[in-house]
Amino acid sequence: MYYASKQMFKRLFFYSAAAFICSIFIAVILLDTNYVDIRVQEEKPILEGIYSVINKQAQEGPISDDVLNYWSGQFGYELDVLTAEQAKALEVDLTQLSSEGSVIELVSGWTQDRVTAYYQHGEQILMMSKMHVDKQAYLLYWQSLLVTILTVLALFVYCYVHMHKKYIKRLLKAYEAYGHGKLSLRVPTEMPAPYSVLASHFNTMAEKIESLLEEHQHMLNGISHDLKTPLARLRFALDMTRSCNSAEEYRETIQFMDEDLDALDELLDDWFLYVGLNAARREPKIQTCRLDSIVNKVVSRSVPAYSQINALAHIVPDIEVNADKKLLSRAIENLVNNACKFASSTIRVTTRSSDGHVCIDVEDDGAGIPEDKRAAVLKPFLRLDSSRNVPGIGLGLSIVASILNSHNGKLEICDSPLGGAKITLMLPIDTKLAKAKSKKVVS
């Protein structure tokens, strides 16, 4: 944004400089042309009167030097007689001189004007010239020049502001429409900077807000749906306690209620963790962890809960990774529990290093995940049809994906040689972010 603003002010400076220079040229061209015409019309009667006096005294004969010297002193003009060749050398328009009998030229300078007139007198050409200094005329000239420059600059400013006003109105209309609930609205970015940057940022913000709102609605629907099942079972168990005929039946009913409460507790824990990872954007507490220790601990704690599952572990020792130990343990635990739920009899957990990443592969021999559903299973509360009868609320992989996002990691899903799904958790071995956070935690 700073770069775009800098570019805008740079363009404004160059445009203003160009407009100022153009205004000077326009003013000079317009005013000089008019000024010269006006000055010529003012001098013409005077020059014709002088020529009439000189012509009368010369009695329409050749003009002598004595006459020139006399009248030069009287009128203040430099008088001289030229031949046709001399006039041609001075680039006098002889055709105009021959047809009209006179040529009057004015050369305007910065502080004075030079008026030169040529009159055809028989075979002679009378040249009269004089330097004029008219302070009033020059004051008027400079005033007119200033007014013209300011007018051109004002026109430029108006056009420039009008152009930017158009883009600002476009953005304001988009903001107002978005504020009135048109969440799918996006602003075209075909605009000059910084408006293109503002439009791009608005579109990014709108997409994130729309995504968050959709996710929020999806989560509300999922929570309401998944709360109904344990609550219905609790109500049913509570009604059952009223018809218990023995202490044993009562204890069994209480045990069922306790299991439903555990399911509710798990649901709320997962929901709060997911919300904390995505809404609050909690920064992970990065530290250097031994991966083999974390994986072995998770496997030894999670697999025994599934008595029919055989766990194969290929853990490479001494692999270290920069991560939040608690969140990483939760991500691996979710993957292992997920594999145990869908496996027929076997799961396999493998750690390895590959292409600058630490990888944790969790595989099972279950039904697998269809390729067209692999992106969908990462969404919260979304469960495949094949998993409807499996315990859980559909937040496991969503939590894993959120944890990896906070660690600049990746999650890959593919087919496993065991026959089911293979989910790979990938974390960068060493990044500037991880290093900075690790040093911060250590200090």
Side-chain angles (χ1 to χ4, degrees), residues 226 230 255 258-277 282 284-353 358-366 369 377-378 380 383 387 390-404 406-407 409 411-413 416 418 420-427:
D226 286 294
Q255 179 63 32
D258 189 52
E259 290 174 358
D260 290 332
L261 287 173
D262 287 341
L264 276 174
D265 189 52
E266 180 185 356
L267 169 64
L268 292 175
D269 284 344
D270 287 347
W271 187 73
F272 286 134
L273 177 60
Y274 183 78
V275 170
L277 288 170
R282 185 184 68 181
K285 297 177 181 178
I286 301 296
Q287 57 182 311
T288 302
C289 311
R290 285 180 58 88
L291 188 61
D292 54 342
S293 174
I294 295 175
V295 175
N296 284 325
K297 185 176 180 180
V298 169
V299 171
S300 62
R301 183 177 60 206
S302 302
V303 175
Y306 305 89
S307 57
Q308 80 282 7
I309 299 299
N310 177 36
L312 305 176
H314 301 284
I315 312 301
V316 178
D318 301 328
I319 292 181
E320 292 186 341
V321 62
N322 292 319
D324 186 314
K325 187 174 181 179
K326 184 177 179 180
L327 292 179
L328 179 59
S329 298
R330 181 59 184 270
I332 299 172
E333 183 178 356
N334 282 11
L335 291 182
V336 172
N337 286 333
N338 196 68
C340 290
K341 289 176 183 177
F342 293 98
S344 298
S345 61
T346 306
I347 70 165
R348 180 166 61 198
V349 181
T350 307
T351 61
R352 57 190 173 87
S353 298
V358 171
C359 302
I360 303 148
D361 302 322
V362 181
E363 307 169 68
D364 64 72
D365 61 349
I369 302 175
V377 296
L378 300 180
R383 304 175 67 188
S387 65
V390 178
I393 60 173
L395 272 178
L397 291 180
S398 301
I399 291 174
V400 174
S402 297
I403 291 173
L404 285 179
S406 67
H407 286 74
L411 189 69
E412 291 185 353
I413 302 176
S416 168
L418 297 179
K422 175 182 177 181
I423 301 179
T424 301
L425 186 154
M426 304 174 66
L427 289 172

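Note that the structure is a prediction, hence the values are computed from the model and not measured.
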Euclidean distance, [Y] [atom2] relative to [X] [atom1], rounded to 0.5 Å:
{"X": "Q287", "Y": "K326", "atom1": "CD", "atom2": "NZ", "result": "12.0 Å"}
{"X": "L418", "Y": "L312", "atom1": "CG", "atom2": "CG", "result": "7.0 Å"}
{"X": "T346", "Y": "N310", "atom1": "OG1", "atom2": "CG", "result": "5.0 Å"}
{"X": "I360", "Y": "I332", "atom1": "CD1", "atom2": "CD1", "result": "4.0 Å"}
{"X": "L404", "Y": "I399", "atom1": "CG", "atom2": "CD1", "result": "12.0 Å"}
{"X": "L397", "Y": "I423", "atom1": "CG", "atom2": "CD1", "result": "4.5 Å"}

Which pair of non-hydrogen atoms, one from [X] and one from [Y], has the smallest distance, and what is that distance?
{"X": "T350", "Y": "R348", "result": "OG1-CG, 3.8 Å"}
{"X": "I319", "Y": "S353", "result": "CD1-OG, 3.9 Å"}
{"X": "S302", "Y": "V336", "result": "CB-CG1, 4.0 Å"}
{"X": "D364", "Y": "A339", "result": "CB-O, 3.7 Å"}
{"X": "H407", "Y": "N322", "result": "CD2-O, 4.4 Å"}
{"X": "V298", "Y": "S329", "result": "CG2-O, 3.8 Å"}

Query raised in the report: Are any of the side-chain heavy atoms of L425 and L427 separated by less than 4.5 Å?
Result: yes

Requested in this report: Would you indicate whether the side-chain heavy atoms of I294 and L328 approach each other to under 4.5 Å?
Outcome: yes

Requested in this report: Answer yes when D292 and R290 have at least one side-chain N-carboxylate O distance shorter than 4.0 Å, and no when they do not.
Outcome: yes

Query - Flag for S416-D365: side-chain donor and acceptor within less than 3.5 Å - result: no

Report task. Taking atom types as modelled, find out whether T424 and D361 have a side-chain donor-acceptor pair closer than 3.5 angstrom. Result -> yes

Query raised in the report: Can you check whether G366's main-chain N or O pairs, donor with acceptor, with S344's side chain at less than 3.5 Å?
Result: no

Report task. Assess whether side-chain contact (heavy atoms from CB on, under 4.5 Å) is satisfied between R352 and H314, documenting all intermediate values. Result -> CA-CA 9 Å; R352 57 190 173 87; H314 301 284; over 6 Å; no

Query raised in the report: V303 and side chain to side chain contact (heavy atoms under 4.5 Å, CB included): which partner among V349, N337, I347?
Result: I347

